[in-house]
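Each chain gets a letter, A, B and so on, in the order the sequences are listed, and its residues count up from 1.
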2 protein chains.
Amino acid sequence: MDIKMRSDCPISCSLDIWGDKWSLLIVRDLMFSKQCTYGDFLKSDEKIATNILASRLQMLEMNGLITKQDHPESKAKVLYKLTQKGIDLLPIMIEINLWADKYFTLPAERKEILAEVKKDKEAFIKEKTIELQRHTN
Amino acid sequence: MDIKMRSDCPISCSLDIWGDKWSLLIVRDLMFSKQCTYGDFLKSDEKIATNILASRLQMLEMNGLITKQDHPESKAKVLYKLTQKGIDLLPIMIEINLWADKYFTLPAERKEILAEVKKDKEAFIKEKTIELQRHTN
DNA sequence: TATTTGCACTTGCAAAACGCAAGCAAATTT
DNA sequence: AAATTTGCTTGCGTTTTGCAAGTGCAAATA
């Protein structure tokens, strides 16, 4: 599995890494939970297949968006976390949420979070970024 | 070809529509050029296959992101344009560009546009949105 | 008017990616 | 010691992709 760039366009380069149906859902989970085990990802609503999850985690790690860490309480478990490069996807994730808010019916809990975002987007991003960075070792 | 929603998560719903390697490149072309013919899309650097292009255009049209119009000068040609729903992807596209700017080497011409974006993001979005809306009939 | 060219697709087919289920080794629990 | 949990890997059938060639209609050219 290697990285083939289709062009030097930033959109294209970005899509080459996370332009599929699953990668940003993994990033989403990590933004909500700060850290996830392999099993945590499998539990998400969208029901990703285990082999696809493994390949996406490998892809995201190889491209420096996430890191693997030993679980402090168990050698059987692995912790996945966002790197700074992954945390920096936050503004994109927020804009996707705002777009979806305009054109879909969102679950109530997401609407609440988005209300806070709409109040002061910059502040939300700054705060959330720091919060995520705190969990980065 | 129908729309299967994997969950009610806004990220997931969005990816269900344009979460692939090609859709946002079509949107990108339309944001730069305002309107494109089928052949214009084929000419882009990433060299999309013609059958994939046809299926993506159909998907994007079905989901209301783009519209087909008669070419004013020729019945043989078709014009594709962004709808408001498509234009509203602009903030997402901008954030992707800004992310890529931080982690990739961008072509010089893109850097110039991004410099303008960085000066005043809100203003850029507003201005560009109006510019795109002007081409919407 | 006949013919060639351009344009927007469609079709066929091989290769790759996906999705589901089962399997597996190491760690942990019972 | 046996059973369970965890993080994967493997097999395999289905779907999607990518490449090349083909089709039908409009428009330009001879």
Requested in this report: May I ask you to list the residues of residues 38-47 of chain A, by number, that have any heavy atom positioned under 4.0 Å from an atom of DNA chain C?
Outcome: none
Query raised in the report: Mind checking what makes salt bridge (charged side-chain N to carboxylate O under 4.0 Å, His left out) contact with B:Lys121, not counting sequence neighbours?
Result: B:Glu95
Report summary line: B:Lys68 meets the salt bridge (charged side-chain N to carboxylate O under 4.0 Å, His left out) criterion, sequence neighbours left out, with none
Query raised in the report: End-to-end bend of the helix from C:dT1-D:dA30 to C:dT30-D:dA1 (five-pair axes, 10° rounding)?
Result: 10°
Query - side chain to side chain donor-acceptor pair (under 3.5 Å) against A:Lys21, all qualifying residues, sequence neighbours excluded - result: none
Query - Pairs flagged by salt bridge (charged side-chain N to carboxylate O under 4.0 Å, His left out) wherever residues 74-89 of chain B is involved - sequence neighbours left out - result: A:Lys102-B:Asp88
Query - Salt-bridge contact A:Asp20-A:Arg56 (side-chain N to carboxylate O under 4.0 Å) - result: yes
**Report entry** Contact list for residues 30-64 of chain A, test ring pair (Phe, Tyr, Trp, His ring centres under 6.0 Å), sequence neighbours left out
**Finding:** A:Phe41-A:Tyr80
Report task. Could you note down all residue pairs passing ring pair (Phe, Tyr, Trp, His ring centres under 6.0 Å) where residues 105-137 of chain B supplies at least one of them, sequence neighbours left out? Result -> none
Query raised in the report: Is the number of heavy atoms from other residues, nucleotides or ligands under 6.0 Å of B:Lys47 NZ greater than 12?
Result: yes
Report summary line: Residues passing the ring pair (Phe, Tyr, Trp, His ring centres under 6.0 Å) test with B:Tyr103, sequence neighbours excluded, are B:Trp99
Query - Interface residues of residues 69-80 of chain A with DNA chain C (non-hydrogen, below 4.0 angstrom) - result: A:Ser74, A:Lys75, A:Ala76
**Report entry** Heavy-atom contact window of chain A on DNA chain D, given 5' to 3' at under 4.0 Å
**Finding:** D:dT6 to D:dG11
Query raised in the report: Mind checking what makes side chain to side chain donor-acceptor pair (under 3.5 Å) contact with A:Asp29, not counting sequence neighbours?
Result: A:Ser44
Requested in this report: Scan B:Lys68 against the nucleic acid and name what it touches under 4.0 Å (heavy atoms): base, sugar-phosphate only, or nothing.
Outcome: sugar-phosphate
